[in-house]
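We use all heavy atoms of the structure for the numbers below, so side chains are in, but hydrogens, waters and symmetry mates are not. In listed order, ligands and their atoms are each counted from 1.
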Amino acid sequence: MNGVILHPPRSGRPRSCDGFLWEAVAGLSQPQKMLPCKFLYDEEGSRLFNEICELEEYYPTRTESQILRDNIAEITSLIGSECRLVEFGSGRSLKTRHLLAHLPTMAGYIPIDISGPQLLRSAVQLAGEFPGLEIDPVEADYAEITEIPDTKQKPRRTVAFFPGSTVGNFDPVAAIAFLRRIAFLCGSEGGLLIGVDRKKPKGILEPAYNDRKGVTAKFNLGILARANRELGADFDLSAFRHHAPYNETHGRIEMHLVSQRAQTAHLDSHAFRFEEGEYITTEYSYKYTLPGFAGLALRAGFELVRNWEDPNHLFSVLCLRVRDWRAGPKGVSAGFNGVPGKACEAWR
Ligand code: AVI
């Protein structure tokens with residue numbers, strides 16, 4: 001097959017930014033003030049996150065890429081031919097290139113990302129690099145996706161790709177619900193290739209989220225700048241400081257914005273009072289042991305097929321197989337856009 005098959009980005013609704021105001025108000029009204037991490041990723045936030053991925057202290061990106069490179073033959077043979085590859089939170093699709101270059105034949109590639117401009121740029125670039133590959137980008141909050149576009153060629157199976165340990169940004173209960181959604185969307189014969197950051201000493205974790213150049217700090221403070229710009233809030237950015245400690249009890253990095261003095265910030269008609277030292281939680285990044293994550297995946301309807309890791313056990317790439325897609329995520333099966341399991345039946 002020759003020629004570029006690039007569809008214009010579809011806009012999957014609802015888009016998370018539609019709810020920024022009420023989610024920010026709801027989050028800041030809780031006893032422990034919080035802002036959902038998805039709002040860190042506007043265009044500037046996505047750019048800063050790309051910069052984070054290249055920092056010396058931030059080991060996950062390069063470690064995962066190396067694992068993919070070192071094991072690409074086995075990984076792609078487990079995925080097999082004629083698959084529809086769906087990437088949740090595709091960003092620049094950098095790691096995906098290893099897969100696309102080695103997968104024998106594919107039904108299509110469906111990148112899903114919340115940042116429209118980045119999604120389009122990256123899809124156009126990929127279309128140039130992989131002529132003949134059907135690319136069907138979806139601009140959406142991947143956590144809320146309820147259907148996957150059909151590809152022209154009927155896929156033998158659907159495989160989800162969820163790299164970067166982004167699953168760690170969900171709390172474990174939400175992670176199970178999200179993986180269930182993936183199992184449901186992929187259907188029987190479906191698979192999941194997922195990157196998972198492993199539990200490790202604080203001495204490695206904390207520098208990764210508190211880098212010397214201050215890029216992560218800028219990324220974190222960006223959520224307040226965005227609230228000021230888009231919602232008319234009046235956060236004083238110089239009066240908040242980035243801090244990201246590892247909480248060993250919960251096995252997670254917590255990104256905080258710590259108020260440097262007693263102050264009040266206004267958003268819409270609401271006033272939010274901060275004491276000195278009080279903080280807003282902007283992100284959790286959970287770390288897992290291998291049995292811990294395999295157990296979580298099992299509860300979501302997946303079974304572990306294979307684990308690849310680096311020699312220092314910093315990071316894992318797991319291949320999982322759908323064993324129960326029927327459970328479905330709460331709230332999706334009833335309102336699914338089409339008949340639940342319709343596509344799956346066709347692959348039997
Ligand atoms: C996107 N996600 C997997 C990153 C992480 O490591 O949790 C987000 C991040 N936040 C600060 N640095 C990186």
Can you check whether [X] has an N/O within less than 3.5 Å of an N/O in ligand 1?
X	value
Y41	no
N169	yes
Y209	yes
T166	no

Self-check item: Region of N220 engaging ligand 1 - heavy atom pairs below 4.0 Å
Solution: neither

Self-check item: Y286, portion touching ligand 1 at heavy-atom distance under 4.0 Å
Solution: neither

Self-check item: Nearest neighbour in protein (non-hydrogen) for atom 4 (C) of ligand 1
Solution: Y58 OH, 3.4 Å

Quiz item: Looking only at protein heavy atoms, which one is nearest to atom 7 (O) of ligand 1, and how far off is it?
Solution: S285 OG, 2.6 Å

Quiz prompt | Test item, P60 contacting ligand 1 (heavy atom, 4.0 angstrom) | solution = no

Quiz item: Does ligand 1 have any atom that is closer than 4.0 Å to a heavy atom of G168?
Solution: no

Between [Y] and [X], is there a salt bridge with N-O shorter than 4.0 Å?
X	Y	result
R261	E275	no
R180	D324	no
E57	K213	no

Self-check item: ring pair (Phe, Tyr, Trp, His ring centres under 6.0 Å) partners of residues 143-180, not counting sequence neighbours, each pair once
Solution: F88-F178, Y142-F162, Y142-F178, F162-F178, F170-F178

I'd like to check which ligand 1 atoms, numbered from 1 as shown, lie under 4.0 Å from a non-hydrogen atom of [X].
X	answer
F49	1 (C), 4 (C), 8 (C), 9 (C), 13 (C)
G164	3 (C)
S165	3 (C)

Exercise. Return yes if some donor-acceptor pair links the side-chain N/O of H313 with the main-chain N/O of K199 below 3.5 Å, else return no.
Key: no

Quiz item: So, D113 side chain and L119 main chain: donor-acceptor pair closer than 3.5 Å or not?
Solution: no

Exercise. Indicate whether any N or O donor in one side chain lies under 3.5 Å from an N or O acceptor in the other, for R84 and T158.
Key: yes

Quiz prompt | Nearest-0.5 Å distance that lies between atom CG in L28 and atom CZ in R273 | solution = 15.0 Å

Quiz item: Under a 4.5 Å cut-off applied to non-hydrogen side-chain atoms, are V317 and N307 in contact?
Solution: no

Quiz prompt | Option of least heavy-atom distance to atom 10 (N) of ligand 1 (set: E283, K287, M255) | solution = E283

